[in-house]
Peer 1: 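If you scroll down you'll find the structure; I have some questions about it.
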Amino acid sequence: MISKLDSVLLAQKKFIYNYKNMRWAKGRNETYLCFVVKRRLGPDSLSFDFGHLRNRTGCHAELLFLSYLGALCPGLWGCADDRNRRLSYSVTWFCSWSPCANCATTLTRFLRQTPNLRLRIFVSRLYFCDLEGSPHVEGLRDLRRAGVQVKVMSYKDYFYCWQTFVAHRLSRFKAWEGLHTNYVRLSRKLNRILQPCETEDLRDVFRLFGLLT
DNA sequence: ATTTTCAAT
């Protein structure tokens, strides 16, 4: 029973190694994705599922997650509801790398066809986002425009992940050196990346109030 | 100053 539970949880070292938000994450040649799936069942009740996965050769973690989505979210597409409505789900995931351009495109298309799925993405590090005009940077903007909340993981997010996805064996999450500084730097960088989208949003608001033609 | 990246070997 314990060993079965352990297999669902991430080993401490694995979590720390893969999620460390250092400037040069040498050797992080794999990506972990920890997820929480919630479904609204009634006014107050929620169903809940969680787990983690890792990319496989030839398949990025995000697309692997998409392939599991049908099993994780029964009734997401069909008409499982007694009034023939699709069920609404919300997914939050914590990924060690931000999504690449290709995954972002697939996700964006998928989400536009599935408005009953809400997605929030937290990332530990930004994947190839140093150059403005990089397709990965554009991918993040596309996701943002598709209504996805994209954020950089902060201390409280690591703390939450440790409590939720890691076999912590009652040990508390201990921040590595530079966690906060790195978070601030990455968060600013992501804000700069998403700035054009925020501006678009503002224009939409102004337009709504007739302040702009 | 420079270092790294869902590997390839």
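Treat the numbers as computed from the prediction; the structure is a model and nothing was measured. Chain identifiers are assigned alphabetically (A, B, ...) following the order of the sequence lines, protein sequences preceding nucleic acid strands; residue numbering begins at 1 within each chain.
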Peer 1: Closer than 3.5 angstrom, by distance alone: can the side chain of A:Asn21 be matched with the main-chain N or O of A:Arg125 as a donor-acceptor pair?
Peer 2: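 Such a contact is absent between A:Asn21 side chain and A:Arg125 backbone.
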
Peer 1: Does A:Arg23 reach a base, just sugar-phosphate, or nothing at all? Heavy atoms under 4.0 Å.
Peer 2: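 If one applies the 4.0 Å heavy-atom cut-off, A:Arg23 turns out to touch a base.
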
Peer 1: Pick the P atom in B:dT2 and in B:dC6, then give their distance to the nearest Å.
Peer 2: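 My reading of the P atoms in B:dT2 and B:dC6 gives 22 Å.
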
Peer 1: Is the A:Phe94 to A:Tyr158 ring centre distance short of 6.0 Å?
Peer 2: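 Not close enough - the centres of the two rings lie 6.0 Å or further apart.
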
Peer 1: Do we count A:Tyr127 as stacking onto B:dT5 if the rule is ring centres under 5.5 Å and planes under 30°?
Peer 2: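 A:Tyr127 vs B:dT5: stacking no.
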
Peer 1: Are any of A:Asn29's side-chain N or O atoms less than 4.0 Å away from OP1 or OP2 of B:dT5?
Peer 2: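 Yes.
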
Peer 1: Let me know the distance between OH of A:Tyr32 and P of B:dA7, rounded to the nearest Å.
Peer 2: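 Computing the A:Tyr32:OH to B:dA7:P distance gives 13 Å.
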
Peer 1: For a quick test of reading the model: is some side-chain N or O of A:Asn55 closer than 4.0 Å to OP1 or OP2 of B:dA7?
Peer 2: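 Yes.
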
Peer 1: Output the distance between atom CZ (A:Arg112) and atom CZ (A:Arg145), rounded to the nearest 0.5 Å.
Peer 2: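 These two atoms lie 9.0 Å from each other.
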
Peer 1: Does the side chain of A:Arg118 pick up a donor-acceptor pair with the side chain of A:Ser90 at under 3.5 Å?
Peer 2: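 Short answer, no.
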
Peer 1: Rounded to whole angstroms, how far apart are CG on A:Leu140 and P on B:dC6?
Peer 2: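 From A:Leu140 CG to B:dC6 P: 15 Å.
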
Peer 1: Let me know the distance between CD of A:Glu30 and P of B:dT4, rounded to the nearest Å.
Peer 2: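 Interatomic distance, CD of A:Glu30 to P of B:dT4: 18 Å.
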
Peer 1: Which part of the nucleic acid, if any, lies within reach of A:Gly27 when heavy atoms closer than 4.0 Å are counted: base, sugar-phosphate only, or nothing?
Peer 2: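 If one applies the 4.0 Å heavy-atom cut-off, A:Gly27 turns out to touch the sugar-phosphate alone, with no base involved.
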
Peer 1: Could you tell me whether A:Leu126 contacts a base, only the sugar-phosphate backbone, or nothing, with contacts defined as non-hydrogen atoms closer than 4.0 Å?
Peer 2: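 Base contact.
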
Peer 1: Check the distance between B:dC6's P and A:Glu62's CD and give it to me in whole angstrom.
Peer 2: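 Atom CD in A:Glu62 sits about 12 Å away from atom P in B:dC6.
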
Peer 1: What is the distance, to the nearest angstrom, from the NZ atom on A:Lys20 to the C1' atom on B:dT4?
Peer 2: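 Atom-to-atom, A:Lys20 to B:dT4, this comes out as 14 Å.
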
Peer 1: With ring centroids as reference points, do A:Tyr32 and A:Phe165 lie under 6.0 angstrom apart?
Peer 2: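 When the ring centroids of A:Tyr32 and A:Phe165 are compared, they turn out to be at least 6.0 Å apart.
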
Peer 1: Round to the nearest Å and state the distance from A:Arg54 atom CZ to B:dA7 atom P.
Peer 2: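 A:Arg54 atom CZ is separated from B:dA7 atom P by 10 Å.
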
Peer 1: Under 4.0 angstrom, heavy atoms only, what part of the nucleic acid is A:Ser124 near: base, sugar-phosphate, or nothing?
Peer 2: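 Here A:Ser124 touches no strand at all.
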
Peer 1: Whole-Å distance between B:dC6 P and A:Trp93 CH2?
Peer 2: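 Roughly 17 Å, once rounded to whole Å.
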
Peer 1: Starting at atom CZ of A:Phe128, determine the distance to atom C1' of B:dA7, rounded to an integer number of angstrom.
Peer 2: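 It is 11 Å, rounded to the nearest whole Å.
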
